[in-house]
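Below: one structure, written as structure tokens.
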Amino acid sequence: MEKNEILMIYGKNYKEMTKEILTSAKLAEQIGDKKKKIGLKPNLVVAKTPDSGATTHMEMIEGTIEYLQENGFKNISITEGSWVGDRTQAAFRVCGYPEVARKYGVKLVDNQQDTYKSYNAKGMQLNVCDFPMSLDFLINMPVLKGHCQTTITCALKNNKGLIPNSEKRKFHTMGLHKPIAHLATVVPNDFILVDNICGDLDFEEGGNPVTMNRIMAFRDPVLCDAFVCETMGYPVSEVAYIGMAEKLGVGCADTSKAKIIELNEGCNAKGKIRMTRRVQELAKYVEPVDACSACYGSLIYALDRLNDMGMLRNCKKKIAIGQGYKGQTGEIGIGHCTCGFEKSCKGCPPKAIDMVEFLKKEL
């Protein structure tokens with residue numbers, strides 16, 4: 001897998017999807033030596049189950065461990081440090097990590113209890129926990145979701161789980177963006193496996209999950225977060241730490257240079273979508289017929305952006321989406337399935353940022 005590539009897979013069998021995408025990425029070849037010390041870094045910011053939209057799905061953890069062990073890797077650990085307002089051990093228990101650790105014989109490391117050292121992160125002194133820095137290869141497993149302070153959170157911000165609580169507090173006094181960018185210059189960014197199954201609409205602690213049923217793989221954390229912005233309907237420029245990290249040489253934020261490889265079609269993720277009251281409010285503008293999760297979820301993100309702009313207040317039109325519209329005509333539609341409509345946003349699925357621009361003109 002090259003650094004400019006983005007791998008995607010859709011569906012509901014998350015463990016098997018994980019193993020398939022790692023096989024396609026040739027992760028074992030990238031890691032190399034079977035004796036390497038490998039760490040899995042999920043997002044366990046709070047002690048909540050993944051269906052809340054806050055934390056990494058356990059099926060992805062299991063799929064990754066099985067893939068690694070089947071390829072001869074034995075020295076595997078799960079390393080995480082929850083946010084200051086919660087305890088990692090509680091998050092481990094709520095999400096079932098102790099049982100998985102016993103089942104597969106892997107180590108659980110609580111970074112809140114780890115020692116740490118100071119590093120020069122390209123002009124900024126930052127404290128980083130010792131265990132993650134001792135790893136030979138780190139697999140970053142963030143949740144694609146919104147964030148109340150940084151707009152989005154994914155690969156780069158997930159690195160905060162590798163620093164002690166005292167440093168997390170300091171990050172907030174510095175405004176988050178600059179230290180997040182500098183942290184990425186010293187911590188491992190070897191491989192990113194994104195949980196895009198049901199991340200929250202705009203809050204890192206969950207509560208309004210948006211079903212997408214998709215897993216993505218990246219080698220470039222900057223490209224990852226830039227693509228996440230567009231997936232959620234935001235211009236990359238709205239998330240300052242992405243551009244900062246790019247200038248520091250961490251990666252490339254130009255998504256036009258990315259090569260997207262879809263291992264299957266989004267229709268593999270078709271089905272009933274769980275909705276909270278807030279998501280239901282956005283969904284009242286939609287007329288879905290057999291809509292795929294990724295396409296529908298992207299539309300929810302786009303409608304949330306339009307709602308923030310005040311553009312939905314007087315909207316009377318319904319937006320068509322889903323495979324049930326193939327070969328039909330209508331007024332406004334989203335995705336390739338509505339290509340016969342008077343106005344249709346191209347893509348399968350289109351990114352939310354493209355939906356936003358399309359709907360701004362048509363609603």
Side-chain angles (χ1 to χ4, degrees), residues 1-6 30-31 36-41 43 45 79-81 83-84 109 111-112 114-142 144 147 149-194 204 217-229 234-258:
M1 182 178 178
E2 302 298 325
K3 290 203 74 173
N4 71 323
E5 290 181 338
I6 303 172
Q30 185 183 333
I31 299 172
K36 281 188 176 179
K37 187 177 178 182
I38 302 169
L40 278 56
K41 166 61 178 78
N43 184 326
V45 61
T79 180
E80 171 63 316
W83 76 316
V84 176
V109 179
N111 293 331
Q112 287 182 330
D114 196 13
T115 54
Y116 58 86
K117 294 184 181 66
S118 179
Y119 295 83
N120 183 350
K122 291 206 171 178
M124 181 178 284
Q125 287 298 129
L126 298 175
N127 293 324
V128 184
C129 295
D130 289 333
F131 181 80
M133 293 300 282
S134 74
L135 295 168
D136 298 309
F137 196 94
L138 181 70
I139 302 172
N140 189 353
M141 301 178 69
L144 186 158
H147 191 275
Q149 291 176 278
T150 59
T151 305
I152 68 106
T153 173
C154 203
L156 291 166
K157 191 174 179 301
N158 200 40
N159 289 330
K160 273 190 69 193
L162 305 177
I163 61 177
N165 280 355
S166 57
E167 194 72 349
K168 291 171 190 167
R169 295 187 185 97
K170 191 167 77 172
F171 268 43
H172 283 271
T173 66
M174 292 188 284
L176 285 178
H177 288 278
K178 186 175 180 180
I180 286 172
H182 281 263
L183 179 62
T185 67
V186 292
V187 297
N189 279 295
D190 300 304
F191 191 82
I192 304 108
L193 191 64
V194 177
E204 64 275 23
F218 299 80
R219 285 189 58 198
D220 182 341
V222 177
L223 178 64
C224 172
D225 285 13
F227 187 80
V228 166
C229 281
Y234 295 106
V236 177
S237 59
E238 285 196 21
V239 183
Y241 67 73
I242 297 175
M244 292 177 181
E246 182 178 41
K247 288 179 181 177
L248 290 167
V250 177
C252 176
D254 187 353
T255 58
S256 69
K257 296 179 180 178

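Residue numbers start at 1 and run along the sequence shown.
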I'd like to know whether CZ of F131 has more than 12 heavy-atom contacts from other residues, nucleotides or ligands below 6.0 angstrom. yes

For K170, I'd like to know if atom NZ has over 12 heavy atoms of other residues, nucleotides or ligands within 6.0 Å. yes

Which pairs with one or both residues in residues 149-166 pass salt bridge (charged side-chain N to carboxylate O under 4.0 Å, His left out), sequence neighbours excluded? none

To the nearest 0.5 angstrom, please state how far the CD atom of E80 sits from the CG atom of N158. 6.0 Å

With side-chain contact (heavy atoms from CB on, under 4.5 Å) as the criterion, how do C252 and D220 come out once you've worked through the C-alpha distance, each side chain's angles and the decisive distance to 0.1 Å? CA-CA 7 Å; C252 176; D220 182 341; 3.9 Å; yes

Could you tell me whether a side-chain N or O of [X] sits under 3.5 Å from a main-chain N or O of [Y], the two making a donor and an acceptor?
{"X": "Q30", "Y": "D190", "result": "yes"}
{"X": "N43", "Y": "V45", "result": "yes"}
{"X": "D114", "Y": "V109", "result": "no"}

Just grab all the side-chain hydrogen bond (donor to acceptor under 3.5 Å, both in side chains) pairs involving residues 234-251, residues at least two apart or on different chains. Y234-R305

Does a side-chain heavy-atom distance below 4.5 Å link [X] with [Y]?
{"X": "R219", "Y": "E5", "value": "no"}
{"X": "L138", "Y": "V187", "value": "no"}
{"X": "C229", "Y": "P235", "value": "no"}
{"X": "C154", "Y": "V194", "value": "yes"}
{"X": "Y119", "Y": "M133", "value": "yes"}
{"X": "V239", "Y": "D225", "value": "no"}
{"X": "N111", "Y": "T79", "value": "yes"}

Run the side-chain donor-acceptor check on residues 121-128: report pairs under 3.5 Å with partners two or more places apart or on a different chain.
unit_1, atom_1, unit_2, atom_2, d
K122, NZ, L248, O, 2.6
Q125, NE2, S118, OG, 2.7
N127, ND2, E167, OE1, 3.4

Please step through side-chain contact (heavy atoms from CB on, under 4.5 Å) for the pair W83 and E204, ending with a clear verdict. CA-CA 10 Å; W83 76 316; E204 64 275 23; 5.6 Å; no

